[in-house]
Amino acid sequence: MNTVCRGEKQAQHKADYQPAIDFLRDRAARELDGGFRAHHNALIYAANELENA
């Protein structure tokens, strides 16, 4: 039986998602530099959703 506690499971998910989170935040910064505020906001929202999953 798998007895992984919720905190450990969240930490594992964050580690799994971290490359995607980093990619989204990097892309968001580039979109903001290019003047695309709506794209930036959408990418940041997606990164935050992954981070909080």
Side-chain angles (χ1 to χ4, degrees):
M1 181 173 172
N2 191 355
T3 59
V4 175
C5 75
R6 188 169 194 265
E8 290 174 0
K9 190 173 184 178
Q10 285 178 330
Q12 181 60 44
H13 283 304
K14 185 171 180 181
D16 291 343
Y17 296 148
Q18 196 59 52
I21 292 166
D22 294 342
F23 173 81
L24 289 169
R25 290 211 169 115
D26 180 61
R27 183 62 187 258
R30 287 186 276 135
E31 292 293 324
L32 188 59
D33 289 343
F36 296 103
R37 179 61 133 175
H39 294 175
H40 164 83
N41 290 344
L43 290 164
I44 290 297
Y45 179 83
N48 289 343
E49 286 295 312
L50 276 177
E51 192 168 54
N52 295 320

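Computed over heavy atoms, backbone and side chain alike; hydrogens, waters and symmetry mates excluded. None of the values given here were measured: they were computed from a predicted structure.
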Exercise for the section: Kindly compute the distance separating CG (Leu43) from CZ (Phe23), expressed to the nearest 0.5 Å. Expected result: 8.0 Å
Problem - All ring-ring contact (aromatic ring centres under 6.0 Å, His included) counterparts of Phe36, not counting sequence neighbours - result: His39
Handout entry: Residue pairs, two or more places apart or on separate chains, that pass side chain to side chain donor-acceptor pair (under 3.5 Å) and touch residues 19-28
Key = Gln18-Asp22, Arg25-Asn48, Arg25-Glu51, Asp26-Arg30, Arg27-Glu31
Practice task
Determine, using the 4.5 Å side-chain heavy-atom cutoff (strictly less than), whether Leu24 and Tyr17 are members of one ILVMFWY cluster.
Solution key: yes
Fill in the blank from the handout: Residues at least two apart in sequence or cross-chain that pass side chain to side chain contact (heavy atoms under 4.5 Å, CB included) with Glu49, listed by chain then number, are Tyr45
